Amino acid sequence: MLDSKKLRKDTEETILNLNRRGFHFDLNKWEKLESQRKELQSFNENQQSKLNNLSKQIGQAKKEKEDTEGLQKDATKLTTEIKELTKKLDKLLDEINDFVMSVPNLIDEDVPDGKDETENLEIRKYSSPRKFNFTPKDHLELGDNKGIDMEAGAKITGSRFKVLKKEIAQLQRALLNFMLDTHVGDHGYEEVYVPYIVNQDSLLGTGQLPKFEEDLFKLDGKNPFYLTSTAEVPVTNLLRDEILESNNLPVKYVCHTPCFRSEAGSYGKDTKGIMRLHQFEKVELVQAVESSDSEEALEELTGHAEAILKKLELPYRVVSLCSGDIGFSSAKTYDLEVWIPSQETYREISSCSNFRDFQARRMKARWKNNKDNSTELLNTINGSGLALSRTVLAVLENFQEEDGSVTVPDSLRSYLGKDKILSF
RNA sequence: GGAGAGGUGGCUGAGUGGUUGAAAGCGCUCCCCUGCUAAGGGAGUAUAGGGUAAACCCCUAUCGAGGGUUCGAAUCCCUCCCUCUCCGCCA
């Protein structure tokens with residue numbers, strides 16, 4: 001959510017910024033709603049003030065055993081009027097809230113302009129794709145009958161669900177532990193375990209609601225619960241309605257959860273294998289910092305996600321998402337894209353974003369600045385470190401041998417207890 | 001699932017219809033004081049919105065959430081959510 005004060009003050013600048021991401025800000029509607037609100041609210045508050053005074057007078061008069069009938073009559077009239085005004089005002093405020101909640105975050109100045117993902121800006125590349133002296137198989141061919149069982153997933157649930165078995169299930173578990181240990185041990189994150197089912201307030205807080213409900217799985221019970229689409233939701237919402245002491249900053253959480261996504265709108269995309277599923281595992285990094293530190297925190301957090309790829313010796317590149325491709329809540333996003341031999345292209349394996357105070361404002365996540373005794377909004381940053389399914393995929397494909405076996409990257413061998421898998 | 005007790009500021013906790021946005025304590029900020037420390041004294045210290053672009057100041061709302069009663073609700077009534085204790089069931 002944007003600061004509505006800033007929206008009122010720097011309207012032109014805000015609109016220009018929003019235009020960069022292709023968002024049309026309905027200025028007419030905004031100004032109309034705002035002027036209506038101002039008028040109605042001032043008047044209503046005025047009437048309320050009058051009523052409060054009257055009530056005090058009545059209280060005073062009763063104490064002194066004076067007649068209050070006339071005063072009470074006036075007060076009743078005012079009360080009725082205020083009830084109606086308040087109803088109108090609430091309706092208007094709802095409308096304004098809906099409007100403001102559907103406005104995306106402002107983007108940072110250094111976010112490249114562009115209309116879609118084809119115009120994302122490559123920032124740097126690490127390592128270079130391996131040259132195979134045979135035709136590399138894709139992960140499904142490698143895993144077929146050896147641990148990736150898409151048919152079983154379809155039987156148990158439906159399309160876009162996987163079953164992993166044997167060495168590939170172990171590989172996923174090894175990667176998971178390797179990632180968590182690295183972030184906790186080397187990068188100083190606190191590991192948290194959280195619910196996988198979240199409520200509406202949490203989803204509103206991080207920005208998945210109200211705009212993106214179709215991407216979520218909603219449960220059917222009496223409470224409006226959803227399966228979490230990313231650990232970002234439960235983890236960032238740990239800070240909701242909190243006021244942190246400055247000596248507790250920065251907050252650095254790492255968390256593994258399954259992620260559930262309906263993948264509405266991706267029909268026909270990545271239909272084969274484990275690239276795009278309704279359920280996948282992910283390790284998520286979340287930081288909360290003072291606003292002056294968030295740019296640096298994004299660089300740091302991106303580096304932490306990159307460290308995993310480096311240790312796994314996977315070729316990747318970092319791209320800065322352009323203004324047309326960047327997410328709704330994000331001010332700036334780096335995607336890490338890993339090399340996928342079977343597709344001869346880089347594919348997203350992590351997305352690291354600085355939300356500045358956009359999420360914090362929605363969820364009232366604040367910190368106490370003892371220097372001037374003020375309470376300020378936190379800045380939140382998060383990124384995948386990394387998406388497990390795609391890491392499994394990338395390791396299988398990048399480290400495959402001609403005979404269909406897969407060499408285990410050095411850093412993973414102690415976790416897996418093997419140098420080589422799928423060699424049968 | 002049954003029975004009971006609760007939910008008040010950054011925290012602890014008082015408050016059962018009338019200047020209570022809320023006592024007291026802790027914490028925090030600033031100042032004073034004792035050479036430093038320990039301790040003590042004083043002042044300040046919720047959030048959101050509006051009057052206003054800002055300051056002072058003023059107004060409004062907020063005591064788990066939503067509704068109701070009333071001139072007036074932290075306080076009374078209803079619904080829901082959550083926490084705790086006991087019992088039952090259970091990985």
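Computed from a predicted model, the values in this text were never measured in an experiment. When reading the values below, keep in mind they use all heavy atoms of this one structure, side chains included, and skip hydrogens, waters and symmetry mates. Per chain, numbering begins at 1; letters A, B, ... match sequence-line order.
Take A/Glu284 and apply the salt bridge (charged side-chain N to carboxylate O under 4.0 Å, His left out) test, not counting sequence neighbours, and it matches A/Lys282. A/Lys115 pairs by the side chain to side chain donor-acceptor pair (under 3.5 Å) definition with A/Glu119, not counting sequence neighbours. Taking the salt bridge (charged side-chain N to carboxylate O under 4.0 Å, His left out) definition, one finds that A/Arg21 meets it with nothing, sequence neighbours left out.
You'll find that the side chain of A/Thr375 is closest to B/rU47, out of B/rC71, B/rA53, B/rU47.
Between the side chains of A/Asn52 and A/Ser55, no donor N or O sits under 3.5 Å from an acceptor N or O. A side-chain N or O of A/Asp335 and one of A/Ser351 form a donor-acceptor pair less than 3.5 Å apart. Under the 3.5 Å distance criterion, with hydrogens and angles disregarded, no donor-acceptor pair is assigned to the side chains of A/His278 and A/Glu263. Under the 3.5 Å distance criterion, with hydrogens and angles disregarded, a donor-acceptor pair is assigned to the side chains of A/Gln47 and A/Glu81. In this structure, a donor-acceptor pair under 3.5 Å is absent between the side chains of A/Asn17 and A/Arg20. Of the N and O atoms on the side chains of A/Asn120 and A/Asp325, at least one donor lies less than 3.5 Å from an acceptor on the other residue. In the model, A/Gln359 has a side-chain atom that pairs as donor or acceptor with a side-chain atom of A/Glu232 under 3.5 Å.
B/rC78 and B/rU19: their P atoms are spaced 25 Å apart (whole Å). Annotation: B/rU75 and B/rG6 have their C1' atoms spaced 15 Å apart (nearest Å). The separation of B/rG64 from B/rU60, taken at their C1' atoms, amounts to 22 Å, rounded to a whole angstrom. As rounded to the nearest Å, B/rC63 and B/rA74 have P atoms that lie 6 Å from one another. The same atom, C1', is picked in B/rU70 and in B/rU16; the two are 16 Å apart, to the nearest Å. Atom name C1', nucleotides B/rC33 and B/rG41: the rounded distance is 8 Å, in whole Å. Comparing B/rU85 with B/rU29, their P atoms are spaced 36 Å from each other, to the whole Å. With C1' as the reference atom, B/rC59 and B/rG68 are 27 Å apart, rounded to whole Å.
B/rC57: Watson-Crick or G-U partner is B/rG51, with both key distances under 3.5 Å. Searching all strands for a Watson-Crick or G-U wobble partner of B/rA22 with both distances below 3.5 Å returns nothing. Nucleotide B/rC84 forms a Watson-Crick or G-U wobble pair with B/rG4, both donor-acceptor distances falling under 3.5 Å. Pairing for B/rU62 goes to B/rA46, judged as Watson-Crick or G-U wobble with the two contacts each under 3.5 Å. Look at B/rU37: it lacks any Watson-Crick or wobble partner with both distances under 3.5 angstrom. Searching all strands for a Watson-Crick or G-U wobble partner of B/rC90 with both distances below 3.5 Å returns nothing. Of all nucleotides present, only B/rG68 satisfies the Watson-Crick or G-U wobble test against B/rC76, with each distance under 3.5 Å.
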Report all side-chain donor-acceptor pairs from residues 410-417 of chain A shorter than 3.5 Å, counting only partners two or more places apart or in another chain.
unit_1, atom_1, unit_2, atom_2, d
A/Asp410, OD1, A/Arg413, NH1, 3.3
A/Ser411, OG, A/Lys311, O, 2.7
A/Arg413, NE, A/Val408, O, 2.8
A/Arg413, NH2, A/Val408, O, 3.0
A/Tyr415, OH, A/Asp181, OD2, 2.8

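No engagement by A/Lys77 is indicated, since no non-hydrogen atom pair under 4.0 Å with the nucleic acid exists.
Note: CH2 (A/Trp367) to P (B/rU29) measures 13 Å, nearest angstrom. Between A/Leu78 atom CG and B/rU70 atom C1' the separation is 15 Å, expressed in whole Å.
Annotation: of the two residues near RNA chain B, A/Ile58 and A/Arg8, the 5′-most nearest-nucleotide partner is A/Arg8. Summary of the strand contacts: A/Gly59 and A/Ser4 both lie near RNA chain B, and taking for each the nucleotide with the nearest heavy atom, the more 5' one is attributed to A/Gly59.
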Just by protein heavy atoms under 4.0 Å, how would nucleotides 76-84 of chain B read 5' to 3' in B, S and -?
-----S---
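Annotation: proximity of residues 36-56 of chain A to RNA chain B (heavy atom, distance under 4.0 Å) is found for A/Arg37, A/Lys38, A/Gln41, A/Ser42, A/Glu45, A/Gln48, A/Ser49, A/Leu51, A/Asn52, A/Ser55, numbered in ascending order.
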